[in-house]
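Here the structure is laid out as structure tokens; the discussion comes afterwards.
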Amino acid sequence: MKKNSLFLYICILSSTLSISGCNDKKTVEEKNLPQLPTAMINSYLFHTEPELLPFSKMIKQQHIQGSSSKIINYNEQGFVANYDLEGLHGDINYETAKYSYGMGDTRNVYEITFDSSKNILGMKNNNNDIVASSEFDEQGRLVETTLSRFAENNVIFNSKIIYDNNRVELVLYNAYVPVDEKTKFPVLAQEKDVVYNANKQLEKTITRTFKLASNGDIIINDKNEQEVELTETCTYSDYNQNNDWTKAVCITTGDESKTVNLIRTIEYN
């Protein structure tokens with residue numbers, strides 16, 4: 001998992017291939033899965049990564065321990081209320097529509113625009129500049145988020161989330177630095193595949209970070225393939241009574257190699 005940044009996103013186009021004779025069975029299987037409120041899922045995906053989503057039961061707090069420690073708290077509706085991600089603190093006040101974010105005593109406070117379901121549509125800073133915006137599909141699911149100089153950072157992040165029915169299937173991440181009104185310099189291109197087992201439990205995530213040339217373009221090799229700088233494969237296990245994973249092993253290969261073991265402690269509402 002990429003843990004040093006709260007938001008790393010990218011835009012893509014996707015196509016769906018359907019095989020005759022399989023759709024009806026798959027639809028029945030998906031309908032039998034427990035369905036959490038869409039707005040609650042959107043709250044997770046706006047703030048954190050899809051591997052932290054609950055399987056079926058709302059979470060009150062989750063604590064992820066590995067090479068670092070993360071604590072995320074949720075309100076009675078299951079929405080993210082506050083968090084500490086490796087020293088990055090955030091607090092979402094749904095009554096006053098304020099979002100506090102920063103490290104230590106240095107915090108930025110933003111004004112939130114919600115819809116009627118408390119989805120975050122966007123945020124503005126004290127200068128009335130838009131620092132975050134979201135887009136949703138016809139089913140109300142979060143599909144795109146853009147952060148523009150969030151936390152006074154010159155980097156702009158953008159994402160698009162791809163679903164398979166109601167499960168996140170793919171997230172592609174992109175970040176760039178605007179040079180001028182017409183020029184953007186890419187600093188990150190990344191994609192994450194989310195894999196589930198036969199029981200629809202999270203089984204694996206595979207995150208690929210692509211190599212960038214000096215001009216910011218993704219490097220294409222002689223096989224006309226995008227060159228990968230790092231691949232992180234996380235395998236999840238030790239599912240609890242609510243089918244949520246409690247242990248994971250993340251192995252990074254490529255220009256950097258490392259292995260991280262994660263322990264996830266969950267308290268439910």
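Here, residue 1 is the first one in the sequence, and each next residue gets the next number.
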What's the shortest heavy-atom distance between [X] and [Y], and which atoms?
X	Y	answer
Met40	Gly78	CG-O, 3.2 Å
Val80	Ser43	N-OG, 2.9 Å
Pro178	Arg149	CG-NH2, 3.2 Å
Gln139	Thr38	O-CG2, 4.1 Å
Pro54	Ile59	CB-CD1, 3.8 Å
Val194	Pro50	CG2-CG, 4.1 Å

Tell me, do [X] and [Y] make a side-chain contact under 4.5 Å, heavy atoms counted?
X	Y	result
Thr209	Val228	no
Gln61	Ile71	yes
Thr205	Leu202	yes
Val143	Tyr163	yes
Met123	Ile112	yes
Thr246	Thr265	no
Asn42	Tyr44	no
Leu142	Phe46	yes

Using 0.5 Å steps for rounding, measure from the [atom1] atom of [X] to the [atom2] atom of [Y].
X	Y	atom1	atom2	result
Lys247	Asp238	NZ	CG	4.5 Å
Thr235	Ile251	OG1	CD1	6.5 Å
Asn125	Asn108	CG	CG	8.5 Å
Glu51	Glu203	CD	CD	14.0 Å
Lys57	Asn243	NZ	CG	12.5 Å
Ile130	Thr146	CD1	OG1	10.5 Å

Assess whether a salt bridge exists between [X] and [Y], defined as any Lys/Arg side-chain N lying under 4.0 Å from an Asp/Glu carboxylate O.
X	Y	value
Lys124	Glu111	no
Glu49	Lys192	yes
Lys258	Glu256	yes
Glu144	Lys160	no
Lys98	Asp91	no

Donor-acceptor under 3.5 Å ([X] side chain, [Y] main chain):
X	Y	result
Asn242	Asp244	no
Asn165	Arg167	no
Asn197	Asn199	yes

[X], [atom1] atom: more than 12 neighbouring heavy atoms under 6.0 Å:
X	atom1	value
Gln241	CD	yes
Asn126	CG	no
Lys118	NZ	yes

I'd like to know if [Y] and [X] are part of one continuous hydrophobic network [Ile/Leu/Val/Met/Phe/Trp/Tyr, side-chain heavy atoms within less than 4.5 Å].
X	Y	result
Phe114	Leu147	yes
Phe79	Leu121	yes
Leu88	Val109	no
Val155	Phe210	no

Evaluation steps, side chain to side chain contact (heavy atoms under 4.5 Å, CB included), between Cys234 and Lys204: CA-CA 5 Å; Cys234 293; Lys204 186 182 297 184; over 6 Å; no

Cationic tip of Arg107 above Tyr101 ring, under 6.0 Å, 45° of axis: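 Because its charged atom misses either the 6.0 Å distance or the 45° angle limit, Arg107 does not stack over Tyr101.
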
Ring pair (Phe, Tyr, Trp, His ring centres under 6.0 Å), paired with Trp245, selected from Tyr196, Phe55, Tyr236, Tyr239: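 Single ring pair (Phe, Tyr, Trp, His ring centres under 6.0 Å) partner of Trp245 among Tyr196, Phe55, Tyr236, Tyr239: Tyr236.
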
Asp217 and Phe185: CA distance, side-chain angles, deciding distance, side chain to side chain contact (heavy atoms under 4.5 Å, CB included) verdict: CA-CA 8 Å; Asp217 292 338; Phe185 186 81; over 6 Å; no

Side-chain donor-acceptor pair present, Gln62, Arg264, cut-off under 3.5 Å: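 Judged by distance alone, the side chains do pair up.
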
For Tyr99, the option from Val131, Ile92, Asn93 that meets side chain to side chain contact (heavy atoms under 4.5 Å, CB included): Ile92

Of Ile263, Ile266, Leu262, the residue whose pairing with Ile64 passes side chain to side chain contact (heavy atoms under 4.5 Å, CB included): Leu262

Check against side chain to side chain contact (heavy atoms under 4.5 Å, CB included), Leu52 and Ile72: CA-CA 10 Å; Leu52 298 184; Ile72 309 170; 3.7 Å; yes

Criterion side chain to side chain donor-acceptor pair (under 3.5 Å) on Glu76 and Asn269, from CA distance to verdict: CA-CA 7 Å; Glu76 292 181 356; Asn269 278 330; over 6 Å; no

Check: Phe150 ring centre within less than 6.0 Å of Tyr110 ring centre: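 Between Tyr110 and Phe150, which both carry aromatic rings, the centre distance is below 6.0 Å.
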
Check against ring-ring contact (aromatic ring centres under 6.0 Å, His included), Phe157 and Tyr176: CA-CA 7 Å; Phe157 296 101; Tyr176 64 87; 9.2 Å; no

Residue pair Ile156, Val177: steps toward the side chain to side chain contact (heavy atoms under 4.5 Å, CB included) verdict: CA-CA 6 Å; Ile156 295 177; Val177 176; over 6 Å; no

